[in-house]
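For reference, the structure discussed in these notes is given below.
Everything numeric in this text was worked out from a predicted model, so none of it was measured.
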Amino acid sequence: MIDDVSGVDAFESLRRYLGSVAYRLLGSVSDAEDVLQEAWLRWRSTDRSKVEEPRAFLTTVVTRLCYDQLGSARVRREAYYGEWLPEPLVSEEDAPAHLAELGEEVSMALLTVLEQLTPAERTAFVLHDVFSIGFEEIAGSLDRTPAATRQLASRARRRVKTGGRPGTVDRAAHRQVVSAFATAAAEGDLQGLVALLDPDVVWHSDGGGIVSAGVRPILGMDKVARLVAGLYAKYFTPADVGDSPVLVNGEPGLAWHDAEGKVLGVVAFTVTDGRITQAYVVVNPEKLTHVTQLTVTA
């Protein structure tokens with residue numbers, strides 16, 4: 001007879017880890033949550049007396065479910081209106097204990113680069129390089145040999161390394177640049193914005209065809225500075241929209257919100273040598289449904 005109580009406890013003890021795996025593989029909070037639900041149903045119907053290592057067993061289940069989704073997800077994203085960006089994980093900076101369960105420490109920049117990999121490359125890289133899972137175990141999930149799986153991870157690693165400039169590791173320095181960006185944008189300080197942007201900065205935005213957003217990335221500090229100044233001048237008034245510092249996937253970013261604190265958009269930044277090199281703006285409301293209401297002070 002299956003012990004439901006111990007089964008629930010075992011699954012719940014691994015939920016955060018399994019959610020992190022699913023989110024990194026899929027780049028979608030809603031899809032990751034669906035995978036966890038399906039994994040739970042399979043775990044519940046499994047004869048757990050025959051499962052020696054629940055973590056390994058459930059990792060394989062989640063991996064296979066995600067791998068099956070990645071192929072169809074790629075097709076959907078190729079037909080997506082405009083640029084597709086991952087769903088952000090957002091928490092208020094003064095409440096780190098309430099960070100989302102699904103892997104808040106993976107940056108939006110890395111998730112965007114992972115989108116360029118094949119499903120097999122992404123799976124091998126995430127499981128091995130992020131979660132330190134051995135190639136023997138990964139090979140079983142992908143129905144490949146360990147040698148072939150090792151090659152997949154190696155190819156993915158090279159592509160990740162060339163996918164963009166690394167960001168600043170110092171969170172305080174990152175936060176300082178983001179704060180200065182918000183101030184310059186609110187004040188319409190075009191020169192102040194230019195000073196904070198890398199000459200080759202890229203502004204990515206995802207409205208999903210629901211909310212107005214750029215269809216293609218905007219390149220260069222002059223164009224980005226003018227875009228940002230124009231957005232703030234058009235949409236940001238004291239009674240309508242404001243911005244607040246938040247953590248976006250564990251890194252300092254901004255959330256645009258209305259007077260009641262409802263989040264209207266999220267911006268994640270890559271900061272390198274004191275300048276913003278990438279900005280990832282998600283305003284598609286379907287990708288913000290899991291973002292909690294922000295506390296707005298008068």
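Hydrophobic clustering places Val130 together with Leu117 (ILVMFWY residues linked when any side-chain heavy atoms are closer than 4.5 Å, directly or through intermediates). When hydrophobic clusters are built by joining Ile, Leu, Val, Met, Phe, Trp and Tyr residues whose side-chain heavy atoms come closer than 4.5 Å, directly or via intermediates, Leu196 is grouped together with Ile218. Note on Tyr81: it does not cluster hydrophobically with Tyr280, by side-chain heavy-atom contacts below 4.5 Å among ILVMFWY residues. In the hydrophobic clustering of ILVMFWY residues, with side-chain heavy atoms under 4.5 Å counting as a link, Tyr67 and Leu41 come out together. A continuous path of ILVMFWY side-chain contacts below 4.5 Å connects Leu227 to Leu254, so both sit in one hydrophobic cluster.
The shortest side-chain heavy-atom distance between Phe57 and Thr46 falls under the 4.5 Å cut-off. Between Thr112 and Gln278, the closest side-chain pair of non-hydrogen atoms is not below 4.5 Å. Counting only heavy atoms from C-beta outward, the side chains of Leu264 and Val283 never approach each other to under 4.5 Å. Side-chain atoms of Ser30 and His290, non-hydrogen and from C-beta on, never get closer than 4.5 Å to each other. A heavy-atom distance below 4.5 Å is found between the side chains of Phe181 and Ile276. Val21 places a side-chain heavy atom less than 4.5 Å from the side chain of Phe131. Counting only heavy atoms from C-beta outward, the side chains of Val8 and Trp40 approach each other to under 4.5 Å. Within the 4.5 Å cutoff, no side-chain heavy atoms of Tyr17 are placed close to those of Leu58.
Considering every non-hydrogen atom in both Pro88 and Leu288, the closest pair reads CG-CD2, 4.1 Å. In plain terms, the two heavy atoms of Val62 and Ala22 that are nearest each other are CG1-CB, 4.1 Å. Nearest heavy atom pair, residue Val248 against residue Ala268, reads CG1-CB, 3.7 Å. Contact detail for Val228 and Ala185: the closest heavy-atom pair is CG1-CB, 3.7 Å. Summarising the geometry of Glu83 relative to Pro217, their closest heavy-atom pair is OE1-CG, 3.5 Å, with the distance given to 0.1 Å. Contact detail for Gly207 and Ala213: the closest heavy-atom pair is N-CB, 3.5 Å.
Residue-environment remark: CZ (Arg64) exceeds the threshold of 12 foreign heavy atoms within 6.0 Å. Counting non-hydrogen atoms of neighbouring residues, nucleotides and ligands closer than 6.0 angstrom, the CD atom of Gln176 reaches no more than 12 such neighbours. The 12-atom threshold is exceeded at CD of Glu12, counting heavy atoms of other residues, nucleotides or ligands nearer than 6.0 Å. Glu286 CD: 12 or fewer foreign heavy atoms inside a 6.0 Å radius.
Between the side chains of His257 and Ser244, at least one donor N or O sits under 3.5 Å from an acceptor N or O. A donor-acceptor pair shorter than 3.5 Å can be found between the side chains of Asn284 and Tyr80.
Arg55 is linked by a salt bridge (Lys or Arg N to Asp or Glu O under 4.0 Å) to nothing, counting only residues two or more places apart in sequence or in another chain. Glu121 pairs by the salt bridge (Lys or Arg N to Asp or Glu O under 4.0 Å) definition with Arg155, Arg159, not counting sequence neighbours. When the salt bridge (Lys or Arg N to Asp or Glu O under 4.0 Å) test is applied to Asp243, no partner is found at least two apart in sequence or on another chain.
A donor-acceptor pair under 3.5 Å is absent between the side-chain atoms of Thr123 and the main chain of Ala120, judged by distance alone. The main-chain N or O of Pro252 is never found under 3.5 Å from a side-chain atom of Arg171 such that the two would form a donor-acceptor pair. In this structure a side-chain-to-backbone donor-acceptor pair under 3.5 Å is missing from Ser154 to Arg150. Formation of a donor-acceptor pair under 3.5 Å by the Thr289 side chain with backbone atoms of Pro285 is not found in this model.
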Between Glu187 and Tyr232, is a side chain to side chain contact (heavy atoms under 4.5 Å, CB included) present by the stated rule, with each step listed?
CA-CA 9 Å; Glu187 295 176 352; Tyr232 270 71; over 6 Å; no
Are Trp84 and Lys287 close enough, and set up right, to give a side chain to side chain contact (heavy atoms under 4.5 Å, CB included), and what steps lead you there?
CA-CA 11 Å; Trp84 187 94; Lys287 295 189 176 183; 3.2 Å; yes
Under the criterion side chain to side chain contact (heavy atoms under 4.5 Å, CB included), I'd like the reasoning laid out for Arg122 against Glu115: C-alpha separation, chi angles, the key distance, then a yes or no.
CA-CA 8 Å; Arg122 182 170 184 162; Glu115 285 296 314; 2.7 Å; yes
Met108 vs Glu251, side chain to side chain contact (heavy atoms under 4.5 Å, CB included): CA-CA, chis, key distance, verdict
CA-CA 9 Å; Met108 289 284 284; Glu251 295 183 335; over 6 Å; no
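Taking the six-membered ring for Trp and thresholds of 30 and 60 degrees, Trp256 and Phe236 have ring planes more than 60 degrees apart, a perpendicular arrangement.
Between Val282 and the choices Val211, Val90, Val267, Leu85, the side-chain contact (heavy atoms from CB on, under 4.5 Å) rule is met once, by Leu85. Among the candidates Asp198, Leu197, Val202, the single residue satisfying the side-chain contact (heavy atoms from CB on, under 4.5 Å) test with Thr277 is Asp198.
How far CG of Leu25 is from CG of Leu114: 8.5 Å, rounded to the nearest 0.5 Å. Distance check, rounded to the nearest 0.5 Å: OG1 of Thr149 to CD of Glu137 gives 11.5 Å. With values rounded to the nearest 0.5 angstrom, Gln191 atom CD is found 9.5 Å from Leu193 atom CG. The NE2 atom of His174 lies 9.5 Å from the OG atom of Ser107; values are rounded to the nearest 0.5 Å. We find the CG-CG distance between Leu26 and Leu65 to be 9.5 Å, quoted to the nearest 0.5 Å. Distance check: Thr59 OG1 to Ile138 CD1 gives 10.0 Å after rounding to the nearest 0.5 Å.
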